[in-house]
Protein chains: 2
Amino acid sequence: MNLISEKTIERLILYRGLLLQANHENESGIYSHQLARMAGFTPAQVRRDLMQVGYTGSPARGYDKAKLIQSISALVDPAEKREIALAGIGSIGRAILAYFHGRSSLLEITAAFDTDPEKTGRVIHGCRCHPVDRLADIVRERGIRTGILCVPAGAAQSVTDALVEGGIRGILNYAPTRLIVPPDVYVENRDMIMAVEKVVYFSGLKTGQRKENG
Amino acid sequence: MNLISEKTIERLILYRGLLLQANHENESGIYSHQLARMAGFTPAQVRRDLMQVGYTGSPARGYDKAKLIQSISALVDPAEKREIALAGIGSIGRAILAYFHGRSSLLEITAAFDTDPEKTGRVIHGCRCHPVDRLADIVRERGIRTGILCVPAGAAQSVTDALVEGGIRGILNYAPTRLIVPPDVYVENRDMIMAVEKVVYFSGLKTGQRKENG
DNA sequence: TTAACATTGCGAAAATTTTCACAGCAAATA
DNA sequence: TATTTGCTGTGAAAATTTTCGCAATGTTAA
Ligand SMILES: NC(=O)c1ccc[n+]([C@@H]2O[C@H](COP(=O)([O-])OP(=O)(O)OC[C@H]3O[C@@H](n4cnc5c(N)ncnc54)[C@H](O)[C@@H]3O)[C@@H](O)[C@H]2O)c1
Ligand SMILES: NC(=O)c1ccc[n+]([C@@H]2O[C@H](COP(=O)([O-])OP(=O)(O)OC[C@H]3O[C@@H](n4cnc5c(N)ncnc54)[C@H](O)[C@@H]3O)[C@@H](O)[C@H]2O)c1
């Protein structure tokens with residue numbers, strides 16, 4: 001099996017989300033053109049993406065929603081429960097803890113880190129908070145592979161170094177900083193300012209642009 | 001001048017951010033390979049992107065940082081100050097208000113909206129809060145073109161309809177919902193769950209993937 | 001003055017991503 | 001039973017994006 005592109009993975013995750021939302025409808029099957037309309041892509045794009053997951057639909061009934069969800073999950077979900085670490089329990093850090101809490105049984109934020117002694121030693125939205133000096137050790141001990149970074153820009157690189165030291169494999173970065181990591185650590189940047197600037201730019205164009213994922 | 005692609009705009013905005021951060025260094029010029037290293041792209045990619053902004057560097061001195069920042073800004077920034085509306089003053093809504101407050105003189109969140117009477121009628125992080133029924137009117141009156149959506153999933157479409165009714169041109173959407181909008185309204189989706197799922201997927205691969213923007 | 005050098009701008013090639021177009025198929029219909 | 005219908009899966013074409021390769025160019029050094 002050759003590698004599936006980042007864009008395809010993004011779209012597959014989106015399809016799964018849409019299917020989960022649409023799962024209450026009475027129909028058990030769904031056609032590529034229906035999924036395409038929901039997602040904002042072309043039917044051909046949807047079929048091409050679904051080829052990659054190996055689940056095959058029927059020309060008569062389309063794709064079975066439940067089975068498709070299952071097939072996408074088999075591809076994108078980890079085999080077992082994954083713990084996630086969060087660094088920086090400030091305003092977004094806390095919002096993310098609140099939002100994530102109890103949402104998924106497969107993915108759970110189980111350790112949060114901060115320098116502020118007001119925050120460490122407590123449990124916030126179900127998540128135990130630790131001083132940041134213990135980050136590398138805790139990440140290593142628990143085999144945590146994924147981190148969410150919500151510290152101020154000035155602390156982003158040093159906290160990243162600690163995450164990497166602990167053996168992290170992927171970071172979702174909300175700080176407006178380009179992190180330096182070894183080539184086998186995956187980083188997804190989510191700078192809000194840049195996102196707003198982009199939307200403002202497209203808000204100013206006369207001709208409408210395509211919508212996109214994220 | 002033919003249209004600049006979404007990806008190029010994203011990268012240009014990133015370059016500007018990196019240049020602003022690096023502006024304190026003593027050198028006034030910068031080479032494509034330096035910018036490329038900072039951004040995580042190839043030098044050829046950087047030069048190709050910079051072609052689009054029209055500012056031309058010198059083989060000897062590279063690009064003048066200040067002039068490059070200015071050229072990119074001329075392309076991506078609005079001509080005058082832009083007001084931004086924010087809907088949903090919950091945990092992320094508030095975090096965004098706090099984070100944005102006083103950060104930019106060109107872009108400012110000047111109106112926030114919520115259903116909760118506890119929140120409306122107040123000023124939060126410098127931003128006046130209004131009941132959501134007044135959203136369309138206020139957006140129209142003030143000519144607001146850009147909106148940030150932080151309401152619960154169930155309210156996302158109806159609040160979007162109000163934004164569109166008010167004449168919005170672009171939406172930064174934090175709700176896990178695919179919004180239905182007219183084709184000339186730009187939507188950038190920022191679903192956090194999907195982002196985490198993606199990072200978790202890449203955290204599980206043996207072979208490292210490319211880092212990417214956002 | 002001249003040669004060596006590192007870089008830009010950009011045409012063209014390469015790689016990747018998306019779309020087209022249609023064979024093949026199961027169900028519905030006549 | 002034969003025919004029509006509308007879908008999937010996919011090879012191939014088209015479009016888009018990235019990278020390559022190099023002439024042109026200003027700078028430095030001899
Ligand atoms: N608030 C937003 O909407 C928003 C959006 C996008 C990105 N961001 C970015 O996210 C980051 C945090 O933003 P915020 O608004 O939550 O800020 P904040 O000041 O509310 O929170 C930052 C937190 O990080 C902690 N911290 C500081 N240094 C640390 C370190 N070395 N190790 C661990 N923790 C440390 C602080 O104690 C604090 O709790 C910033 O980089 C910001 O640019 C914020
Ligand atoms: N918290 C996060 O980190 C996070 C991250 C990504 C996305 N989101 C999404 O952002 C949205 C908000 O998340 P949150 O954690 O801030 O939730 P929250 O419950 O803290 O805030 C939601 C706010 O929206 C208001 N609201 C409800 N209906 C409204 C309406 N019709 N018009 C205007 N305002 C209305 C509520 O009064 C509340 O103030 C959700 O869709 C969530 O999925 C949250």
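Values in this document were obtained by computation on a predicted structure and should not be read as measured data.
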**Q.** Between C1' of C:dT8 and CD1 of B:I30, the distance in whole Å
**A.** 15 Å
(Q) I want to verify a distance call: between D:dT27, C:dT8, D:dC20, whose nearest atom is closest to the B:A44 side chain? (A) D:dC20
Q) Do A:C127 and A:T110 have side-chain heavy atoms sitting under 4.5 Å apart? A) no
Q | Nucleotide nearest B:A60 (side chain, heavy atoms from C-beta), chosen from C:dT17, C:dA27, D:dG26 | A | D:dG26
Q. Quick one: does B:R48 reach the base of C:dG11 with a side-chain donor-acceptor pair under 3.5 Å?
A. yes
Q: Send over the distance from B:D64 CG to C:dT8 C1', rounded to a whole Å.
A: 15 Å
Q: Show your working on side chain to side chain contact (heavy atoms under 4.5 Å, CB included) between A:M192 and A:Y174 and close with a plain yes or no.
A: CA-CA 7 Å; A:M192 208 206 60; A:Y174 283 95; over 6 Å; no
Q. In whole Å, what is the span from the CZ atom of B:R11 to the C1' atom of D:dT16?
A. 12 Å
(Q) Can you identify which nucleotide, out of C:dT8, C:dT17, D:dT17, has its nearest atom closest to the B:Y31 side chain? (A) C:dT8
Q | Listed nucleotide nearest any side-chain atom of A:P59, set C:dT18, C:dG9, D:dC7 | A | D:dC7
(Q) Rounded to whole Å, how long is the line connecting atom CG of B:L50 with atom P of C:dG9? (A) 8 Å
Q. Hey, is the side chain of B:S58 poking within less than 4.0 Å of OP1 or OP2 on C:dT8, counting only N and O atoms?
A. no
Q: Identify whether the distance between the nearest side-chain nitrogen and carboxylate oxygen of B:D137 and B:R142 falls below 4.0 Å.
A: no
Q) Would you say B:L50 and B:S32 make side-chain contact, with heavy atoms under 4.5 Å? A) no
Q. For B:Q45 and C:dT16, what is the distance between atoms CD and C1' respectively, to the nearest whole Å?
A. 13 Å
Q. Once you round it to whole Å, what is the distance between C1' of C:dG9 and CG of B:D49?
A. 14 Å
Q) Could you state the NZ-P distance from A:K7 to D:dT16, rounded to the nearest angstrom? A) 12 Å
Q) Can you find a side chain N or O atom of B:T8 that sits less than 4.0 Å from OP1 or OP2 on D:dT17? A) no
Q: Just compare D:dT8, C:dA27, D:dT27 and give me whichever is closest to any side-chain atom of A:S32.
A: D:dT8
**Q.** Test: B:R103 cationic atom under 6.0 Å from B:Y99 six-membered ring centre, within 45° of axis
**A.** yes
Q.
With a cut-off of less than 4.0 Å, is there a side-chain N or O of A:S5 near OP1 or OP2 of C:dT16?
A. no
Q: Rounded off to whole Å, could you give me the CG-to-P distance for the B:L35 and C:dG9 pair?
A: 12 Å
Q.
Strictly below 4.0 Å: does B:Y55 bring a side-chain N or O up to OP1 or OP2 of C:dG9?
A. no
Q) What nucleotide among C:dT8, D:dT10, C:dT7 has an atom nearest to a side-chain atom of A:M51? A) D:dT10
Q: Respond yes when some side-chain nitrogen or oxygen of A:R47 is under 4.0 Å from OP1 or OP2 of D:dT8, and no when none is.
A: yes
